[in-house]
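Data block below; observations after.
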2 protein chains.
Amino acid sequence: MATTRRVRARRGEGVLLREEILRAAGELLAETGTEDALTVRVVAVRAGVTTPSVYLHFAGKEELVEAVCLRAWDELGRIFAESRGGDPFLALGRCGRAYARFALDHPAQYRVLMMRPSAGPGVPAAASAAFGHMVAAVAACVRAGVLQGDPETLALGLWSAVHGCVSLLIAQPSFPWPEDREALIAHIVHMAGFGAALQSRLPRALPPSARLAAELDDFGVRLTAAGEQSGQTGQCGQPGQTDSV
Amino acid sequence: MATTRRVRARRGEGVLLREEILRAAGELLAETGTEDALTVRVVAVRAGVTTPSVYLHFAGKEELVEAVCLRAWDELGRIFAESRGGDPFLALGRCGRAYARFALDHPAQYRVLMMRPSAGPGVPAAASAAFGHMVAAVAACVRAGVLQGDPETLALGLWSAVHGCVSLLIAQPSFPWPEDREALIAHIVHMAGFGAALQSRLPRALPPSARLAAELDDFGVRLTAAGEQSGQTGQCGQPGQTDSV
DNA sequence: GACGTTAGGTTAACGATGTCAACCTGACTC
DNA sequence: GAGTCAGGTTGACATCGTTAACCTAACGTC
């Protein structure tokens with residue numbers, strides 16, 4: 001297909017082609033915005049090489065796509081590093097919003113690495129990196145006493161909330177989202193952070209529904225309807241709790 | 001491929017084949033667990049018909065797959081209906097957990113409809129149905145005074161949290177999840193519900209960091225480190241708030 | 001400088017997939 | 001019984017991921 005053959009790399013420099021393939025695939029992904037456009041043939045042509053040559057450097061298409069998308073993850077590490085510092089709770093919020101911005105800035109890569117069945121049996125690098133950063137930010141809050149409980153469990157909650165929001169934004173672009181996405185994300189980060197901060201302070205010994213009632217009573221918050229008498233705490237519920245249903 | 005031709009349906013009963021194709025595809029999806037196994041040819045053979053016949057009833061593969069997966073969504077409506085009733089905040093929690101259970105019970109269908117770029121320009125039916133149920137449960141809480149604010153915005157937060165958790169569970173099965181998934185989901189529903197309940201009660205007029213500080217002060221919660229003096233409220237942060245970074 | 005070795009590619013082909021144009025045919029209408 | 005058309009089939013096309021077999025220029029060796 002190519003008019004001229006590729007000038008063969010010198011011995012030991014075959015890795016150069018790998019780099020060139022990754023660059024070509026990355027460009028293609030950026031231009032088209034979807035991984036479906038990443039066919040082995042097109043990538044090969046773009047790298048100035050024949051199709052089977054791709055298999056000299058990647059075991060298969062899946063590995064190629066994964067490698068391409070993983071490149072964006074370096075940026076995530078940098079972003080999280082920049083978000084650290086200062087008040088740990090504020091930093092946690094910055095990390096959450098930065099994570100969301102990162103995902104929305106690289107929707108195709110995020111979709112490939114986080115929203116598709118992971119191929120290999122090992123823990124996927126992208127997910128464990130993202131989660132690792134989250135845990136670090138949460139652990140700082142725990143050390144500071146802002147959050148209480150297992151950092152990993154807390155981080156899973158925050159990660160779920162932020163990932164849920166951006167993954168819906170990415171996968172459902174035609175959903176009637178509010179215009180201000182930034183505000184939506186801030187809202188959700190706020191909700192998650194606030195929920196985590198207060199949830200962990202519930203006295204675990206109490207039965208859950210009583211727990212929430214007592215806690216909110218301490219907080220001066222009524223969970224009953226505005227017009228009802230507020231002396232009854234038994235009618236207050238807690239959404240995370242398994243009850244009759 | 002089939003040894004005998006299909007007995008042709010009577011006039012006006014061509015829809016019977018559509019139903020048969022959907023059934024065959026549904027079985028295949030249930031057996032294999034992945035939509036990649038849903039090839040037009042295999043579905044056709046299984047329905048006892050030749051490949052192009054599928055195109056008499058579905059515009060393309062995408063439409064077929066979507067139709068198959070949408071069948072599970074009827075169950076979601078039923079599940080949400082069962083979760084209603086009683087204390088609205090408790091019901092909201094039941095809905096969240098039921099939603100998560102539904103997603104984990106139909107991972108392939110959930111992945112296809114919620115974790116892939118939606119094809120058509122119209123609002124995808126699956127997402128709007130799921131969100132609609134969420135909004136209904138939240139709106140009941142708002143009417144009861146348990147939650148405050150825009151039901152749709154609040155529902156987006158809860159939906160994000162639950163969807164985020166289950167979509168990660170589905171897409172990253174090799175991640176080191178805690179053994180008790182049910183507990184994880186309950187934790188996240190709890191976090192989201194608690195966060196939404198308290199977040200909406202923050203006096204919006206105050207600048208956010210002062211808001212959180214004042215609110216938590218009312219609640220008797222210290223966001224500073226355990227060892228620090230607690231008179232200073234200015235050092236408290238709020239994760240959803242945009243600040244210097 | 002000739003030689004064998006081998007890394008770095010190419011050529012040609014396979015099987016599977018989604019999709020379509022053209023054709024067939026039996027059920028129904030009149 | 002002729003005509004029509006819904007309900008399907010035949011056969012084929014382009015494209016995809018992947019592989020086997022082959023070629024050849026670069027290098028170490030003598």
Side-chain angles (χ1 to χ4, degrees), chain A residues 1-25 28-29 32 34-69 108 112 116-117 119-120, chain B residues 1-25 28-29 32 34-69 108 112 116-117 119-120:
Chain A
M1 197 59 66
T3 65
T4 65
R5 280 195 169 200
R6 166 186 176 84
V7 289
R8 191 196 294 216
R10 305 190 20 209
R11 281 216 173 176
E13 299 189 345
V15 204
L16 292 181
L17 178 54
R18 182 190 161 95
E19 208 55 31
E20 212 158 329
I21 291 173
L22 282 176
R23 186 190 49 75
L28 205 59
L29 192 63
T32 64
T34 166
E35 65 272 22
D36 295 337
L38 270 191
T39 95
V40 180
R41 282 172 164 81
V42 173
V43 168
V45 166
R46 207 164 171 127
V49 96
T50 60
T51 310
S53 297
V54 173
Y55 291 85
L56 296 174
H57 301 282
F58 300 93
K61 185 191 177 178
E62 198 66 23
E63 191 177 301
L64 166 63
V65 173
E66 197 170 309
V68 171
C69 294
V112 166
R116 276 181 6 167
Chain B
M1 196 58 65
T3 64
T4 64
R5 280 194 170 200
R6 166 187 175 82
V7 290
R8 190 197 296 216
R10 308 191 16 210
R11 280 215 174 175
E13 300 189 345
V15 205
L16 292 180
L17 178 54
R18 181 190 161 96
E19 209 54 30
E20 212 157 329
I21 291 174
L22 281 176
R23 186 190 48 74
L28 204 60
L29 192 63
T32 64
T34 166
E35 65 271 21
D36 295 336
L38 269 191
T39 96
V40 181
R41 280 172 166 81
V42 173
V43 168
V45 166
R46 209 165 169 125
V49 97
T50 59
T51 309
S53 297
V54 174
Y55 290 86
L56 296 174
H57 300 283
F58 300 94
K61 186 192 178 177
E62 197 64 24
E63 191 178 302
L64 165 63
V65 173
E66 196 170 310
V68 171
C69 294
V112 166
R116 275 181 7 169

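The sequence lines fix the lettering, A, B, ..., with proteins before strands; numbering per chain opens at 1.
Toward the 5' end of DNA chain C, the nearer of the two residues B/Ala9 and B/Glu62, judged by each one's closest nucleotide, is B/Glu62. Between B/Leu56 and A/Thr39, the residue whose closest nucleotide on DNA chain D is further toward the 5' end is B/Leu56.
A straight line from NZ of A/Lys61 to C1' of C/dT17 spans 13 Å, rounded to a whole angstrom. Protein atom CZ of B/Arg18 is 13 Å distant from nucleotide atom P of D/dG7, rounded to whole Å. Rounded to an integer number of Å, the gap from CD of B/Glu20 to C1' of D/dG8 is 13 Å. For B/Asp36 and C/dA16, the CG to P distance is 16 Å, given to the nearest whole Å. D/dT9 atom C1' lies 13 Å from atom CG of B/Leu17, rounded to whole Å. Distance, B/Ile21 CD1 to D/dT9 C1': 14 Å, rounded to whole Å. One interatomic measurement links the two molecules: CG of B/Leu38 to P of C/dT17, which rounds to 12 Å at whole-angstrom precision. Rounded to whole Å, the distance from CD on A/Glu35 to P on D/dG17 is 13 Å.
Going from atom CG of B/Leu38 over to atom NZ of B/Lys61 covers 6.5 Å, rounded to the nearest 0.5 Å.
Of all nucleotides listed (D/dG8, C/dT11, D/dT18), D/dT18 comes nearest to the side chain of A/Tyr55.
Of the side-chain N and O atoms in A/Ser53, one or more sit less than 4.0 angstrom from OP1 or OP2 of C/dT10. The shortest distance between the side-chain N/O atoms of A/Thr50 and the OP1/OP2 oxygens of C/dG9 is not below 4.0 Å. Taking side-chain N and O atoms only, B/Arg11 has no distance below 4.0 Å to OP1 or OP2 of D/dA6.
By the 4.5 Å heavy-atom criterion applied to side chains, A/Glu66 and A/Val112 are not counted as neighbours. Taking the side chain as every heavy atom from C-beta outward, B/Thr34 and B/Leu29 never approach each other to under 4.5 Å.
At the heavy-atom level, A/Arg8 lies under 4.0 Å from base atoms of the strands shown.
For A/Arg6 against C/dT10, a side-chain-to-base donor-acceptor contact under 3.5 Å is absent. Between the side chain of A/Arg41 and the base of D/dT15, no donor-acceptor pair under 3.5 Å is found.
Ion pairing between a basic and an acidic side chain is recognised when a charged N comes within 4.0 Å of a carboxylate O; A/Arg116 and A/Glu62 show such pairing.
Minimum interatomic distance between B/Arg6 and B/Glu20 (heavy atoms only, all atoms of both residues): NH1-OE1, 3.5 Å.
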